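Sequence lines set the chain letters: A, B, ... in the order given, protein chains first and strands last, and positions in each chain run from 1. Keep in mind that what you see is a predicted model, and the values were worked out from it rather than measured.
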Protein chains: 2
Amino acid sequence: MSEAHLKKDTRPVYVISVAATLVAAHPRTLRIYEDEGLICPARTPTNIRLYSDEDIRRITWIRHLTRERGVNLAGIRLLFELEERLGARILEALYAEGTRDRAAKQAAAAAVPTTEGAGADPDDR
Amino acid sequence: MSEAHLKKDTRPVYVISVAATLVAAHPRTLRIYEDEGLICPARTPTNIRLYSDEDIRRITWIRHLTRERGVNLAGIRLLFELEERLGARILEALYAEGTRDRAAKQAAAAAVPTTEGAGADPDDR
DNA sequence: ACCTTCTTGACAACACCATTGTCAGGGTTC
DNA sequence: GAACCCTGACAATGGTGTTGTCAAGAAGGT
């Protein structure tokens, strides 16, 4: 195993237009998430945003919670705060938990975020 | 010690107008919380809502999260869901947690719900 | 009996939020 | 030089939270 393997998910690679396409959102929306403190993408030395796979996963969670569950950004901020305080991925307890046979049905029916991209308008120009 | 001591907090005692006064909300609001599945007050044999002290505490949390933190009802539903799944009072981790000296300052400055009543319009007629 | 408070259901107003979209002026990358 | 990024602002649209009211009926206390 190579030593660059463990940090692969946190390596900043996507510019905002690519990231927006990956999560099926408007670039404007991603900037708003950042203004709200929900994400913190890396920057190039010349101030260009670069999103990592972990950023994408986080955004996918935000999208899922807002669109599928109707949670607003304040609620998501609190969720993330709780995850930090507790040092656990409490959100994953909602799906794929160990509640016997109900777990599989739950996870399948609830459209768990899987970082899949869709076709949308690419940019804000 | 009497045997009715342990369940005192869950004993239904307040009708909706009293409960609304206790949490400084409109009776209408409490019915909405119930429609949304956030609370489930007991009923008399003749269908009158009766709120326990634990119900009041729960509502006080809802009020705090919506007004002070801007969380919407969908977010609160998810929070309560998580508490059930994890079997822990994760919300209390936000305040009065054991993070050394910061705990006291946090708890004091954040207006922790304490079930205190204020003067408000009593009824919806 | 009377009057108050409770019930459900509906409708509405008001303010706020999430998301997308656009425009401007300027920097970066290829 | 064209296409993309930056910040900041403004706006439209649709949705939500809360309070408030109206109606018709049941329950409770004095």
Side-chain angles (χ1 to χ4, degrees), chain A residues 12-51 55 59-79 118-125, chain B residues 12-51 55 59-79 118-125:
Chain A
V13 275
Y14 313 111
V15 294
I16 196 171
S17 63
V18 178
T21 303
L22 286 177
V23 299
H26 201 275
R28 188 70 228 280
T29 308
L30 299 191
R31 298 195 184 102
I32 291 177
Y33 291 167
E34 187 176 351
D35 291 342
E36 295 284 333
L38 300 179
I39 49 176
C40 189
R43 301 279 187 137
T44 68
T46 56
N47 209 32
I48 305 288
R49 268 173 269 249
L50 283 185
Y51 296 82
D55 289 328
I59 298 170
T60 307
W61 263 115
I62 299 174
R63 294 248 107 196
H64 169 70
L65 292 174
T66 53
R67 299 180 92 83
E68 254 71 47
R69 310 246 357 191
V71 181
N72 63 4
L73 300 188
I76 293 171
R77 185 182 308 120
L78 192 138
L79 258 312
D121 293 311
D123 196 28
D124 56 334
R125 183 186 123 253
Chain B
V13 276
Y14 313 111
V15 294
I16 195 170
S17 63
V18 178
T21 302
L22 285 177
V23 299
H26 201 274
R28 187 70 227 281
T29 308
L30 299 192
R31 297 194 184 103
I32 291 177
Y33 291 166
E34 187 176 351
D35 291 342
E36 296 284 333
L38 300 179
I39 49 176
C40 188
R43 302 278 187 140
T44 67
T46 55
N47 208 32
I48 305 289
R49 269 173 269 250
L50 282 186
Y51 296 82
D55 289 329
I59 297 170
T60 307
W61 262 115
I62 299 174
R63 293 248 107 196
H64 169 69
L65 292 174
T66 54
R67 299 180 92 82
E68 254 72 46
R69 310 251 351 198
V71 182
N72 64 4
L73 300 188
I76 293 172
R77 185 182 307 121
L78 192 140
L79 258 312
D121 294 311
D123 195 28
D124 56 332
R125 186 183 123 251

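Spacing between atom CG of A:Leu30 and atom C1' of C:dA18 amounts to 13 Å, rounded to whole angstrom units. To the nearest angstrom, P of D:dG17 lies 13 Å from CG of A:Leu73. For the pair B:Tyr14 OH and C:dC6 P, the interatomic distance rounds to 15 Å; values are reported in whole Å. For the pair B:Ile32 CD1 and D:dT16 P, the interatomic distance rounds to 13 Å; values are reported in whole Å. Computed from coordinates, the A:Arg28 CZ to D:dA12 C1' distance equals 13 Å when rounded to whole Å. Summarising the geometry, the separation between CG on A:Leu50 and C1' on C:dT29 is reported as 12 Å, rounded to the nearest angstrom. Between the NE2 atom of B:His26 and the P atom of D:dC22 there is a distance of 12 Å, rounded to whole Å. Going from atom CZ of A:Arg67 over to atom C1' of D:dT16 covers 16 Å, rounded to whole Å.
Projected onto DNA chain C by closest heavy-atom contact, B:Val15 and A:Arg63 fall at different nucleotides, the more 5' of which corresponds to B:Val15. Heavy-atom nearest nucleotides on DNA chain D were determined for B:Val71 and for B:Thr44, and the one closer to the 5' end corresponds to B:Val71.
Checked by atom type and distance alone, the side chain of A:Arg63 pairs as donor or acceptor with a backbone atom of A:Ala24 at under 3.5 Å.
Contact annotation: B:Thr46 reaches the phosphate of D:dG28 (side-chain N/O to OP1 or OP2, under 4.0 Å). In this structure, A:Ser17 reaches the D:dC5 phosphate: one of its side-chain N or O atoms is under 4.0 Å from OP1 or OP2. In terms of phosphate contacts, B:Tyr33 brings no side-chain nitrogen or oxygen within less than 4.0 Å of OP1 or OP2 of D:dG17.
For B:Arg43, counting side-chain heavy atoms from C-beta on, the closest listed nucleotide (D:dC6, C:dT7, D:dT18) is C:dT7. Nearest to the side chain of B:Thr66, among C:dC17, C:dT7, D:dT18, sits D:dT18.
Looking at every heavy atom in both residues, B:Ala74 comes nearest to A:Gly70 through CB-O, 3.3 Å. Taking each heavy atom of A:Ile62 and A:Tyr33 in turn, the nearest pair found is CG2-CZ, 3.7 Å. Here the closest heavy-atom approach between residue A:Asp55 and residue A:Pro41 is recorded as OD2-CA, 3.8 Å. Smallest separation of non-hydrogen atoms from B:Ala19 and B:Tyr51: CB-CD1, 3.6 Å.
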